[in-house]
S.K.: 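Just passing along the structure, written as structure tokens.
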Amino acid sequence: MTNLELVQLIFPDISLTVEDCEARYPARELPEGACVTRFAPSPTGFVHIGNFMPALISYVLAKRSGGVFFLRNEDTDKKREVGSALRLIMETLAHFGILPDEYEADGQTVGDYGPYVQSERKEIYHACLKRLVERGRAYPCFCAPDKLDALRASQEAAKQRTGYYGTYAVCRDLSNDERAARIRKGDPFVLRLLSEGHSARRVRFRDGVRGETDFPENDQDIVIMKTGWGLPTYHFAHAVDDHFMRTTLVVRGEEWLPSVPVHLELFRAFGWCPPAYIHHPLILKRDQDDPSCVRKISKRKDPEALMEYYIQKGYPIEAVVDALMTIINSNFEDWRTANPGASFLEFPFSPRKISVSGAFFDLDKLDSISRERLSRLPAVLLRDLSCAWAEQYNPILLDWIRRDEDYYTEILNIEREQPKPRKDVACFCGIPDYLWYMYDDVFEAREKRYQWNEGTVRVDAAEILDLYLAQYYCMDSQEAWFGAIKELCTALGFAAATKDYKKNPGAYRGSLVDVTTILRVAATSLRMTFDLYSIMRLLGPERLRRRFDLALETL
Ligand code: GLU
């Protein structure tokens, strides 16, 4: 029996050919140097930061070069698939401003190189599998899983390299007649690549991060089509899809680096030119329980491993993107300092500046980038962004905002829009803790401890608070307000300037700081707050009176 006859037996219904596919998916017409990149997630129902990273790099490189970035749904592992996963992936990407040029979603295909869902590309895979069987570069293998387990055990016992290769690849030696007989009998089989590689030889290639790299050639007869569904394995689909989708640059995690020899062999078996590769490092973090341990960020242990975390917490998208760019490209931070308002797409991203040794992700760093970002936003924009976030994630904050948007904006505006704005808030979910005491019902309902100075006594506090409201409450301007507090100090025997008090503490009941602390704690219960003048101005005299009364009850 010829290879051609065997092919007809395996794929009786496939008339599509490799040549048809070449014609259907012609080379893309793009400017010189434009990259075609892709994000190729498995639809598992979440977006891991380690998957988001290649999407971000791919997007940047495509956009910067005037190329194309597309999304391919790698759903050939039906066991792992989650129904709404693709939608979630698209939404997550879109949240961070990453919009694929080509994709398939909700039954709609955008782009000429689809289908963009692997399970819909079966005919293309089969046309390509046919070609390899025809050329004698692929063959059916009938070895059952228990037989393969036994093979592995015997190889391990004999201290041999494990796998299906060379003389261990027993189904290589079956004749086409034997193969046909078993197929007709209904024996389950997979298709394997017939490798021509040799482990003693090296294959060289250029990785965008590492430069020239070499590995032993592949000599494993890897599975290229699984049983049952007749769907391809990742390796085979990668070669076929990235060839016919005309991908020029594959960005993926470094866990795929050892597979490159297999991929190059597959491209070569078809006579295709492989894409360029960038293998980015693992995302690492310091273990909280054991700070000496730096480990891979993990979905199981670290909530921040999933991109959803940043969305739910309400981190500004630019901060998350900047934090990732910072760990992936060593000169991003300097560039950002020099270009605070620029889009990350303007950054001259260089794969050679990606660290080989691992990208260290640190939430504290993200927080600091984020605080900086949020502190620079105009109050009105922060109001709108936090309101949109609260609509989805925080009904309590939403209620506060909706009661009086102007009041909320005024609070946000305290010590903002000035050269050194406050940097208290790292994400929208931090806003309630930042300004809760500006809402009377919240303030009154909250269990709180008044942070009086040690030694503050009721009579002193009552005297200060009463006299303040009776005679010194003045909101004409910040200067006038401060001047009035100084006068109050003098009237009550407190030093109006701290330096006077320091020079001669015995001459005073206390200093200006003691008085302002009493006012601040009485108004908010806290010793550390944003600007006291703004707090008092926004609360107004009646609300302050009630707060002072409540405060005095605690002394
Ligand atoms: N589906 C593969 C993964 O999720 C894609 C790897 C690649 O980008 O080629 O790991």
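Order of listing sets the numbers, starting from 1, for every ligand and every atom in it.
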S.K.: Enumerate the atoms of ligand 1 whose separation from the nearest heavy atom of R38 is less than 4.0 angstrom.
M.R.: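 With R38 as reference, the close atoms of ligand 1 come out as 7 (C), 8 (O), 9 (O).
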S.K.: Honestly, is R192 close enough over Y164, meaning NZ or CZ under 6.0 Å from the six-membered ring centre and within 45° of the axis?
M.R.: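 Judged by the rule, R192 and Y164 form a cation-pi pair.
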S.K.: Can you list the ligand 1 atoms lying under 4.0 Å from a non-hydrogen atom of S42?
M.R.: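 Checking each atom against S42, I get 1 (N), 4 (O).
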S.K.: Verify whether the ring centers belonging to W335 and F344 lie closer than 6.0 Å.
M.R.: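 No - the distance between ring centres of W335 and F344 does not fall below the 6.0 Å cut-off.
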S.K.: If you measure every N/O of V250 against every N/O of ligand 1, is any gap under 3.5 Å?
M.R.: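 No - when backbone and side-chain N and O of V250 are compared with those of ligand 1, no distance drops under 3.5 Å.
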S.K.: Does Q288 have more than 12 heavy atoms from other residues, nucleotides or ligands lying within 6.0 Å of its CD?
M.R.: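 12 or below, so no.
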S.K.: Looking only at protein heavy atoms, identify the closest one to atom 10 (O) of ligand 1 and say how far it is in Å.
M.R.: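 Result for atom 10 (O) of ligand 1: W256 NE1, 3.5 Å.
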S.K.: Kindly indicate whether the side chain of L129, heavy atoms from C-beta on, has any atom under 4.5 Å from the side chain of F236.
M.R.: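 Answer yes - side chains close enough.
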S.K.: Does the cation-pi check pass for R38 over F69, that is, NZ or CZ under 6.0 Å from the six-membered ring centre and within 45° of its axis?
M.R.: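 Not satisfied by the 6.0 Å and 45° rule.
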S.K.: Just to be sure I read this right, does ligand 1 sit under 4.0 Å from the backbone of Y234, its side chain, both, or neither, counting only heavy atoms?
M.R.: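 Only the side chain of Y234 comes within reach of ligand 1.
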S.K.: With atoms numbered from 1 as shown, which atoms in ligand 1 lie under 4.0 angstrom from a non-hydrogen atom of E74?
M.R.: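 That gives atoms 1 (N), 2 (C), 5 (C) of ligand 1.
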S.K.: Cationic tip of R268 within the cone over F270's six-membered ring, i.e. under 6.0 Å and within 45° of the normal?
M.R.: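 Verdict for F270: no cation-pi partner in R268.
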S.K.: Less than 4.0 angstrom from a charged side-chain N to a carboxylate O is my criterion; do D112 and R24 meet it?
M.R.: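 Answer for the salt bridge query: no.
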S.K.: Write out the residue and atom name of the closest protein heavy atom to atom 5 (C) of ligand 1, then the distance separating them to 0.1 Å.
M.R.: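 Going atom by atom, the protein heavy atom closest to atom 5 (C) of ligand 1 ends up being A40 O, 3.1 Å.
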S.K.: Just to check, does E255 reach to within less than 4.0 Å of ligand 1 when the distance is taken from its heavy atoms?
M.R.: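 It does not; every heavy atom stays at 4.0 Å or beyond.
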S.K.: Mind checking whether N51 has an N or O less than 3.5 Å away from an N or O of ligand 1?
M.R.: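 No.
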S.K.: How does H238 reach ligand 1, by side chain, by backbone, by both or by neither, if only non-hydrogen atoms under 4.0 Å count?
M.R.: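 No part of H238 comes within reach of ligand 1.
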